[in-house]
Structures are given as structure tokens and as C-alpha cells.
Amino acid sequence: MYKLEIKHIILRGKIYYFRIAIPNSQRQIHGRSHIWRSLKTRDPDDAAEKAIALRKEYRKLFASSGNIGPIAIPPLKAISADLQAAPYSAKLIEPASNQNGTSQLVPSLTLGQALERYKELSTDKWLSLSKRARDKKWRPFAQAVSDFTEAMGERDAFTLTAKTCFEYKATLVKRIAEGSLKLDSGRKKVMWLRIILTRVFESDAPHLSCPFDKVKFENNGSQKGKRSAFTPEEIKALRAKLAESEANEQLKALAMVAELTGAVCGELTHLTPSDIHLDAPIPFISIGPNEHRHKVKGGNDRHRDIPLLPRAVHAMKQFPNGFDRYCRHNGSEAFSASVNKIIKQVAPTKSYYSWRHTFADKLRQSGCGDNLKDSLMGHSTKGHSMHYGSGFTLENKLEALQKALQEDAEPLKDDQE
């Protein structure tokens, strides 16, 4: 029987294959990086015996092939070219460790290993973020892998079938029906898994397609996939609740600016004095790189100037140098957690991001074009209409805000005095 040292066997469907890496110094000579051969057997012990013989044969040939040119003899003929890219191999387990006494194969690539490989292939993802911020971004990917493994057991990513993926979806649907999981959370779990395997397969196993490709959730209207906007009544009640709360003044000011600019937490908490322009003909804030951040989220369109309506100007005048209480590592998270506690008292199903959705809805309902709306919110615009010229001016943006937020466009009495 055979131990873990047999590392050249892969199970494809029900047939075992042999795979061995060509030494780096000889890959250019032989025109490939690995050799593949079908072992033409379904029996793991038979496969292991054949693999041992093949490994000795190939190693001997590699040791002497430096002067013989490309290997062309029959024993080294690779199987179909579309299998040559797969870089992982299964390993035989000691039979004594198995209850039935037969050899077994552990997965050649677990989903956990696939995630680590995906990280290797995505080193440029969130490059400008701190390690903690990057870890936070990776957390949903890891949670999706963990959830799948808990529900379906450890699986080999290379032999994972669409049937198994649909069965996993069924477990999610059951949890959604029971109320223990939200529809949007279920969708995202499948999305993260699809993203991981698609990237890994494209790089390392292009002959494979992602088994999650056709796993979709039908939207039956029972749950919405996006956060809801505030109603006018909730906005009014929330302003009153914030005013009477014992929250610190920076939180109250940030909340008002968030409502009237549609900016996200980190965009506001990390403003610096150079980002705040209260004495300009049109007061505005700049969202972009500064001493606290290299870029905002994806950069590009997220870097923008946002005009301030009177209530936002009044709030910013209290803190013209920014919000030092929250301008720190994890500061935006602390602000978000604190303000969400107040929001839940007025609108239990809403959160900070409901301000952003309300802002977008009011712009859209006022007749604001998508290009201008996207420019205010930092979204990229589909098509090529925004690829030319210098974009929208502060005057354009202010006019849109005044039309969409008419109730907040008039000067405050204190400012008039």
C-alpha cells in the first residue's frame, strides 16, 4: 500500500492521471511545464503502482535530457493539451488511516486552497489599503468558503460539479425561507465562490468552467437585494432623534453632511483641511487622496468634488479642519457603528447607507441625468459619454442638488443673520 509521498496522481472523473513537473531549466527545451498521462485505471492502488514506475522513468530522463533536446519518445507524450495547465495534484493517504483499509485521495485543491490561490492571483486588489482593511475585504470570501464547506463538506474544486453547487444553493434557499439568512447574503455567498473559482480556473485550469456559473437566485419580490432608502417621515424623525441624542457633535455633523452629500463613511471621516472649501464661491468638499489615504475605494470616479448645501455648510463650519475624533484607523467603522444604533431607533431595517440610497433616489426623481448623478456619487458611468471633456462643474452639481433637495437648498436663518 502507498503513503503520502505519492504526489503525482489526480482523479479526473473516475479515471486517474499521472502528472509530473518538468525541471525549470528544461521547460523551454521541452515546450511545456508539466507532463500528463492517463493511467487508464479507476483503482487507486493500481494508479499508485503505475505512478511510482512512471516517476522513476521521468526523473531518469530529466536527469539525462539536458543534451538530448526536446523529449519526443512515446512514454513522455502528454495527454490532451487542455489539461496541461492544471497545477495541483491529489495525494494518496495511508490505507491504515482509513476505516475500510483502502487507499483514498484527498482533494487536489480544496476551496480554502482555491481562495489562497485567488489571493495570489489578485495581489493588486486593494493594494493601497492597510493590512487590516485588506483583511476586512477578504473576510466575505473566507466566510463564503467556510459556509459552503460546512454545508457540503470538503470538496475538490477541480471536480466540483454544477449539481453540487445547486444543492448548496438549495441549502441557502431553505435558510432564507426560515428567516435565518437574507436573500442578498445568499446571493453574495454564491457570488464570492463564483469569483474565486473563475479566476483560479482561468489562470491554472483553463479547460474547466466555473460550476457556479449558472447558479442564480430568482428575485420573486419577497426580498430586495439592496438596502432601502429612508422615507421622508424617517428622515424627519432621524434628524430629531440625532438632535436630542447624547451623541458627540462630530457624529451629528457627519450625519448631516452624509445625508446631503451621499458620501460614504470613510470619505467623510478622513477629510483634511485641504479637502474642505467653505470660503469658495460655491462651498464644497473634495473626496480624494490625502495624507490619510492613497485613494478612495476604487479611485478614479470616486475622486470628486461635492457642493455643500446650507445645512451641510453649517455642519462643516463647526469642524473646518475635519473630524479628528474619527480620522484614525477604524474611525469610519466606529462612526458607522455609533450612528447605526441611532438609526435603528427610528428605522429598524435601515442603516447609514440608506442615506446614500435616499440621495440617489432624490436625484433620480428630480430628473437628474445618470451621468450627473454618477458624478456626484462617485459612480462610473456606463458607455463612453464621460470619457471626454472635463466633466461636470460645481455649478452643474449645485444646480442638481438644489433641484433634488429643495427643502434644504434655502439659506438657514442663522446664516442670513
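Keep in mind that the numbers below use all heavy atoms, side chains included, and drop hydrogens, waters and symmetry copies.
In this structure, the side chain of S122 does not engage the main chain of K125 through any donor-acceptor pair within 3.5 Å. Between the side chain of S354 and the backbone N or O of S228 there is at least one donor-acceptor pair closer than 3.5 Å. Side-chain N or O atoms of S338 include none that pairs as donor or acceptor with a backbone N or O of F335 at under 3.5 Å. Remark: the backbone N or O of D147 is not paired with any side-chain donor or acceptor of E150 at under 3.5 angstrom. Checked by atom type and distance alone, the side chain of T261 pairs as donor or acceptor with a backbone atom of V257 at under 3.5 Å. Although no hydrogens or angles enter the test, the distance criterion places a donor-acceptor pair under 3.5 Å between the side chain of S245 and the main chain of L242. One N or O on the side chain of R356 and one on the backbone of G262 form a donor-acceptor pair closer than 3.5 Å. With K182 contributing its side chain and I176 its backbone, the two residues share no donor-acceptor pair below 3.5 Å. A donor-acceptor contact shorter than 3.5 Å is absent between the side chain of S336 and the backbone of S332. Here the side chain of R302 pairs no donor or acceptor atom with the backbone of I287 at under 3.5 angstrom.
Ion pairing of K189 with D184 is absent here, as no side-chain N (NZ or NE/NH1/NH2) approaches a carboxylate O to less than 4.0 Å. Ion pairing of R175 with E178 is absent here, as no side-chain N (NZ or NE/NH1/NH2) approaches a carboxylate O to less than 4.0 Å.
For S146 and T149, the side-chain atoms include no donor-acceptor pair closer than 3.5 Å. Residues N340 and Y353 bring no donor and acceptor atom of their side chains to less than 3.5 Å of each other. In this structure, a donor-acceptor pair under 3.5 Å is absent between the side chains of R155 and T110.
Closest approach of I276 to F319, counting heavy atoms only: CD1-O, 4.0 Å. Closest approach of R304 to A263, counting heavy atoms only: NH2-CA, 4.0 Å. Taking all atoms of both residues into account, the shortest heavy-atom contact from L278 to P283 is O-CG, 3.8 Å. The shortest heavy-atom contact between Y168 and A144 is OH-O, 4.2 Å. Closest approach of D213 and S209 over heavy atoms only: OD2-CB, 4.4 Å. The two residues L121 and R199 make their nearest non-hydrogen contact at O-NH1, 3.4 Å.
Listed by first and then second residue, the salt bridge (charged side-chain N to carboxylate O under 4.0 Å, His left out) pairs that reach into residues 322-347 are R132-E333, K136-E333, sequence neighbours excluded. Applying the salt bridge (charged side-chain N to carboxylate O under 4.0 Å, His left out) definition to pairs two or more places apart or across chains, those involving residues 244-261 are R239-E259, K241-E244, E249-K252.
Counting heavy atoms from C-beta outward, I285 and D305 have side chains that stay 4.5 Å or more apart. In this structure the side chain of P211 reaches within 4.5 angstrom of the side chain of L197, judged on heavy atoms. Side chains of C265 and V339 form no contact here, defined as non-hydrogen atoms less than 4.5 Å apart. Side-chain atoms of F212 and F148, non-hydrogen and from C-beta on, do get closer than 4.5 Å to each other. Counting heavy atoms from C-beta on, the side chains of L309 and L405 come closer than 4.5 Å. The shortest side-chain heavy-atom distance between S203 and R117 falls under the 4.5 Å cut-off. Between L160 and C165, the closest side-chain pair of non-hydrogen atoms falls below 4.5 Å. Within the 4.5 Å cutoff, no side-chain heavy atoms of I196 are placed close to those of L111.
Taking the ring-ring contact (aromatic ring centres under 6.0 Å, His included) definition, one finds that F18 meets it with H8, Y58, sequence neighbours left out. Residues satisfying the side chain to side chain contact (heavy atoms under 4.5 Å, CB included) criterion with T123, sequence neighbours excluded, are absent altogether. In this view, A280 and H277, F284 satisfy the side chain to side chain contact (heavy atoms under 4.5 Å, CB included) rule, not counting sequence neighbours. Under the salt bridge (Lys or Arg N to Asp or Glu O under 4.0 Å) criterion, K131 pairs with D135, not counting sequence neighbours.
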Decide side-chain contact (heavy atoms from CB on, under 4.5 Å) for L254 and T269; before the verdict, give the C-alpha distance in whole Å, the side-chain angles of both, and the deciding distance to 0.1 Å.
CA-CA 8 Å; L254 276 166; T269 57; 4.2 Å; yes
From CA spacing to verdict: side-chain contact (heavy atoms from CB on, under 4.5 Å), L183, R187:
CA-CA 6 Å; L183 175 59; R187 282 184 174 135; 3.7 Å; yes
Could you walk me through whether R311 and H314 satisfy the side-chain contact (heavy atoms from CB on, under 4.5 Å) test, starting with their C-alpha distance in whole Å, then the side-chain angles of each, then the deciding distance to 0.1 Å, before giving a yes or no?
CA-CA 5 Å; R311 287 185 184 276; H314 180 76; 5.6 Å; no
Trace of the side-chain contact (heavy atoms from CB on, under 4.5 Å) decision for L109 with V200
CA-CA 11 Å; L109 183 71; V200 173; 4.2 Å; yes
Check the pair W192 / Y118 against ring pair (Phe, Tyr, Trp, His ring centres under 6.0 Å), numbers first and verdict last.
CA-CA 11 Å; W192 302 135; Y118 175 66; 9.6 Å; no
What verdict does the side-chain hydrogen bond (donor to acceptor under 3.5 Å, both in side chains) test give for D361 and T358, after you've listed the backbone C-alpha separation in whole Å, the side-chain angles of each residue and the deciding distance to 0.1 Å?
CA-CA 5 Å; D361 284 350; T358 305; 6.0 Å; no
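Note: D275 CG to L268 CG = 10.5 Å, rounded to the nearest 0.5 Å. Here the NZ-CZ distance, from K362 to F230, works out to 11.0 Å after rounding to the nearest 0.5 Å.
A perpendicular orientation is assigned to the rings of H292 and H270, their planes being inclined by more than 60° (bins at 30° and 60°). W355 and Y352 have perpendicular rings, their planes meeting at more than 60° on a 0 to 90° scale where under 30° would count as parallel.
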